[in-house]
Amino acid sequence: MARDLPPLNALRAFEAAARLGSLSEAARELHVTHGAISRQVKQLEEQLGVGLFVKEGRGVKLTDAGARLRDAASEAFERLRSTCAELQRQTAEAPFVLGCPGSLLARWFIPRLDRLNRDLPELRLQLSASEGELDPRKPGLDATLWYAEPPWPADMQVFELAAERIGPVLSPYHPRCADLRGAPPSAVLDETLLHTASRPQAWPNWARQQGLDPARLRLGQSFEHLYFLLEAALAGLGVAIAPQQLVADDLRQGRLLAPWGFVETRARLALWVPARRVDRRAERLAEWLRNELERQ
């Protein structure tokens with residue numbers, strides 16, 4: 001085609017040799033052999049049908065055609081270098097947009113946000129809250145933090161951070177708190193249980209791991225989001241079930257109790273990054289999150 005360019009490797013070799021005035025210096029700059037530069041220049045001359053260099057003593061000198069191509073190639077490569085550098089600066093300066101379920105954001109992430117910003121100031125984190133089924137491929141997101149079960153899709157880079165552990169929690173203000181604290185897990189069968197529509201299997205999964213019949217569970221008030229469920233539990237309105245990570249601060253401060261501990265599920269808290277987006281900031285964030293979770 002009339003608009004086809006010569007091979008870019010040949011143009012790059014020529015540009016370096018013309019700019020430095022030496023095939024040997026070009027070879028050193030590009031980390032190749034003198035012979036490789038010579039072959040690339042010869043290939044370029046044959047394709048263009050003109051000589052670009054002539055021998056001058058022990059070195060080479062540009063022909064008129066070579067000088068014209070040098071000026072055009074130098075300008076083009078300089079513009080490329082400048083544009084690439086600008087794009088890299090923009091990437092480094094742009095905020096890292098993290099999608100996260102609102103409940104996880106409110107109950108775990110925000111209390112740690114100040115520490116994260118101190119530890120990773122270059123991240124310039126921007127949070128995007130959502131509930132329900134998140135799509136890590138959503139335009140405008142650099143990564144998504146959420147609970148999900150493997151296997152992981154091939155088009156995502158998934159940084160596993162921690163296993164999900166769930167368990168019943170209740171407030172010290174619950175009317176039967178004193179009785180439930182010393183009771184076996186089967187005591188929940190006599191309770192009207194708080195739950196969320198988004199995780200209908202949470203209570204049945206926990207019950208099965210305790211050797212209880214899920215059919216005997218008495219599900220009461222349902223909440224759209226986990227955040228509201230836990231607010232109801234904090235108000236003493238009933239026994240809720242939640243991931244350990246989301247109630248760790250409440251347990252430590254005595255606002256909630258977990259009489260029967262927590263059991264592990266198949267889900268993992270993980271940072272999802274579209275594989276096509278290479279961003280070292282995601283790796284640094286994943287490492288920070290993993291270390292933070294291990295501190296709990």
Side-chain angles (χ1 to χ4, degrees), residues 98 100-119 127 129-132 145-147 161-207 209-210 212 217-265 267-269 288-296:
L98 177 66
C100 185
S103 302
L104 178 59
L105 177 64
R107 300 200 61 83
W108 190 87
F109 212 107
I110 287 178
R112 292 159 176 81
L113 188 56
D114 185 54
R115 183 158 59 242
L116 185 149
N117 287 332
R118 289 198 307 269
D119 293 344
L127 297 166
S130 178
E131 289 291 350
L145 179 68
W146 63 341
Y147 288 101
L161 305 174
E164 181 188 51
R165 294 173 55 81
I166 61 172
V169 293
L170 66 150
S171 165
Y173 300 111
H174 187 284
R176 298 191 59 242
C177 177
D179 295 333
L180 292 174
R181 292 182 72 171
S186 58
V188 300
L189 300 177
D190 298 323
E191 295 294 314
T192 301
L193 306 174
L194 307 177
H195 62 105
T196 61
S198 60
R199 293 292 301 273
Q201 292 304 311
W203 273 116
N205 287 344
W206 178 85
Q209 293 201 49
Q210 298 294 336
L212 304 176
L217 295 170
R218 297 165 52 195
L219 299 182
Q221 179 68 51
S222 174
F223 295 87
E224 184 179 1
H225 303 314
L226 181 61
Y227 178 81
F228 302 138
L229 170 76
L230 292 176
E231 287 299 309
L234 284 165
L237 301 184
V239 181
I241 191 162
Q244 183 178 14
Q245 289 92 353
L246 270 63
V247 294
D249 293 341
D250 297 299
L251 295 173
R252 186 165 48 251
Q253 296 170 22
R255 294 194 298 263
L256 287 175
L257 307 172
W260 307 291
F262 298 85
V263 297
E264 188 171 316
T265 75
R268 295 292 182 267
L269 180 59
W288 188 91
L289 291 169
R290 194 176 290 114
N291 290 337
E292 191 67 21
L293 287 161
E294 290 173 356
R295 291 175 54 178
Q296 292 188 177

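None of these values were measured; they are calculated from a predicted model.
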Is the shortest side-chain heavy-atom distance between [X] and [Y] below 4.5 Å?
X	Y	value
Leu105	Leu127	yes
Leu230	Ser103	no
Leu217	His195	no
Thr265	Tyr147	no
Phe262	Gln245	no
Leu104	Trp146	no
Thr196	Tyr227	no
Val188	Leu212	yes

Could Arg112 and Asp249 be called an ion pair, given the rule that one side-chain N must be under 4.0 Å from one carboxylate O?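 Yes, this pair counts.
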
Could you tell me the separation between the [atom1] atom of [X] and the [atom2] atom of [Y], rounded to the nearest 0.5 Å?
X	Y	atom1	atom2	value
Phe228	Gln221	CZ	CD	12.5 Å
Gln201	Ile241	CD	CD1	11.0 Å
Leu269	Arg290	CG	CZ	10.5 Å
Leu256	Leu234	CG	CG	4.5 Å
Ile166	Gln209	CD1	CD	7.0 Å
Leu289	Glu294	CG	CD	11.0 Å

Parallel, tilted or perpendicular: which describes the rings of Trp203 and Trp206, with under 30° parallel and over 60° perpendicular?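 Geometry flag for Trp206 against Trp203: perpendicular rings.
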
Please check: side-chain N/O of [X] versus main-chain N/O of [Y], any donor-acceptor pairing under 3.5 Å?
X	Y	value
Arg255	Arg252	no
Arg268	Leu161	no
Trp260	Ala183	yes
Gln244	Val263	no

For the residue pair Cys177 and Leu170, what are the closest heavy atoms and their distance?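 Distance-wise, the nearest heavy atoms are CA-CD1, 3.9 Å.
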
Which residues satisfy the ring pair (Phe, Tyr, Trp, His ring centres under 6.0 Å) test with Trp108, sequence neighbours excluded?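 Trp108 satisfies ring pair (Phe, Tyr, Trp, His ring centres under 6.0 Å) with no other residue.
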
More than 12 heavy atoms of other groups within 6.0 Å of Arg181 CZ: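 No, the 6.0 Å shell around CZ holds no more than 12 heavy atoms from other groups.
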
